[in-house]
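Worksheet: one structure, shown below.
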Amino acid sequence: MKKTKFKKNEISKISKKLTSKILKMKNKKARVVAFSGDLGAGKTTLTQELAREFGIKDTVISPTFVIMKAYDIHPSSLYYEHFKRLVHIDAYRLDSHLELFKIGWTEIQNDKDNLIIIEWPEKVKKCLENDALWVKLDHIDDETRGLKY
């Protein structure tokens with residue numbers, strides 16, 4: 001597991017490194033990235049930066065209350081050949097992994113054009129395949145975060 005510390009203003013650099021790792025993932029289904037960490041550790045901020053990296057112009061917010069949001073990746077994006085959609089799931093409010101199936105998990109996961117980012121993946125671990133990329137974020141201080149993947 002690679003460990004690094006970064007300042008909040010270095011999030012773009014971290015996003016690019018993570019994108020490189022995601023692109024190397026072999027997939028016959030959607031690529032799944034599991035963001036784990038305490039409140040305020042930077043899960044949504046990193047998701048927002050990845051969305052920018054993929055050319056998504058929509059405002060990306062945590063889907064805590066709606067559980068899932070999907071964003072189309074524009075055909076002009078450098079990454080369009082790899083992904084057509086970013087699916088952002090926040091499992092914080094789920095009581096069981098079984099609740100993922102109510103929002104169409106099987107179809108979402110089986111679509112190889114999807115990049116799925118799941119916040120609070122511990123709550124739905126039984127649904128995640130072994131090839132998911134687990135990313136642990138830590139709040140070190142107001143300006144510094146830790147990252148392990």
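Quick caveat: nothing in here was measured; it's all calculated off a predicted structure.
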[X] and [Y]: which non-hydrogen atoms are nearest, and at how many Å?
{"X": "H88", "Y": "V60", "value": "ND1-CG1, 3.9 Å"}
{"X": "D142", "Y": "K8", "value": "O-CD, 3.0 Å"}
{"X": "A30", "Y": "I108", "value": "CB-O, 3.7 Å"}
{"X": "G37", "Y": "K43", "value": "O-NZ, 2.8 Å"}
{"X": "Y71", "Y": "I61", "value": "OH-N, 3.7 Å"}
{"X": "S15", "Y": "L50", "value": "OG-CD2, 3.4 Å"}

Item to check | side-chain contact (heavy atoms from CB on, under 4.5 Å) between L115 and V33, worked out | outcome: CA-CA 8 Å; L115 170 61; V33 181; 4.0 Å; yes
Same hydrophobic cluster for [X] and [Y], using side-chain heavy-atom links shorter than 4.5 Å among ILVMFWY?
{"X": "I22", "Y": "I14", "answer": "yes"}
{"X": "V87", "Y": "V32", "answer": "yes"}
{"X": "L94", "Y": "V66", "answer": "no"}
{"X": "L78", "Y": "I56", "answer": "yes"}
{"X": "V124", "Y": "I117", "answer": "no"}

Spatial distance of atom [atom1] ([X]) from atom [atom2] ([Y]) [nearest 0.5 Å]:
{"X": "L23", "Y": "E81", "atom1": "CG", "atom2": "CD", "answer": "8.5 Å"}
{"X": "K69", "Y": "T59", "atom1": "NZ", "atom2": "OG1", "answer": "9.5 Å"}
{"X": "L100", "Y": "L128", "atom1": "CG", "atom2": "CG", "answer": "7.5 Å"}
{"X": "R52", "Y": "T47", "atom1": "CZ", "atom2": "OG1", "answer": "10.5 Å"}
{"X": "L98", "Y": "K126", "atom1": "CG", "atom2": "NZ", "answer": "8.0 Å"}
{"X": "I118", "Y": "D90", "atom1": "CD1", "atom2": "CG", "answer": "10.0 Å"}

Next on the checklist: Looking at E99 and K102, is any side-chain nitrogen of the basic one under 4.0 Å from a carboxylate oxygen of the acidic one?
Outcome noted: no
Taking the side chain as every heavy atom from C-beta outward, state whether [X] and [Y] have any atom pair closer than 4.5 Å.
{"X": "H97", "Y": "K123", "answer": "no"}
{"X": "F6", "Y": "L137", "answer": "yes"}
{"X": "D131", "Y": "K26", "answer": "no"}
{"X": "E119", "Y": "I89", "answer": "no"}
{"X": "R85", "Y": "D111", "answer": "yes"}
{"X": "V135", "Y": "L18", "answer": "yes"}
{"X": "F83", "Y": "D113", "answer": "no"}
{"X": "R31", "Y": "H82", "answer": "yes"}

Next on the checklist: Run the side-chain contact (heavy atoms from CB on, under 4.5 Å) test on K16 and E53 for me, step by step, so that the C-alpha distance in whole Å, both residues' side-chain angles and the decisive distance to 0.1 Å come before the verdict.
Outcome noted: CA-CA 8 Å; K16 287 179 186 347; E53 178 96 13; 3.4 Å; yes
Can you check whether [Y]'s main-chain N or O pairs, donor with acceptor, with [X]'s side chain at less than 3.5 Å?
{"X": "K3", "Y": "G146", "result": "no"}
{"X": "R93", "Y": "F65", "result": "yes"}
{"X": "S77", "Y": "F54", "result": "yes"}
{"X": "E49", "Y": "T45", "result": "no"}
{"X": "D141", "Y": "E143", "result": "yes"}

Next on the checklist: Is it the case that atom CD1 in I103 sees more than 12 heavy atoms from other parts of the structure closer than 6.0 Å?
Outcome noted: yes
Checklist entry - Around atom NZ of K84, are there more than 12 heavy atoms of other residues, nucleotides or ligands at under 6.0 Å? => result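 More than 12 heavy atoms, drawn from other residues, nucleotides or ligands, come within 6.0 Å of this atom.
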Checklist entry - So which pairs with a foot in residues 114-149 pass ring-ring contact (aromatic ring centres under 6.0 Å, His included), sequence neighbours left out? => result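 Of all non-adjacent pairs touching residues 114-149, those that pass ring-ring contact (aromatic ring centres under 6.0 Å, His included) are Y92-W120.
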Checklist entry - Going through the checks in order, is the side-chain contact (heavy atoms from CB on, under 4.5 Å) test met by Y79 and T19? => result CA-CA 10 Å; Y79 304 105; T19 296; 3.6 Å; yes
Item to check | D138: side-chain contact (heavy atoms from CB on, under 4.5 Å) partners, not counting sequence neighbours | outcome: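 For D138 the side-chain contact (heavy atoms from CB on, under 4.5 Å) partners, ignoring immediate neighbours, are K136, K148.
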Item to check | T144 vs K7, side chain to side chain donor-acceptor pair (under 3.5 Å): CA-CA, chis, key distance, verdict | outcome: CA-CA 4 Å; T144 311; K7 298 289 184 189; 2.9 Å; yes
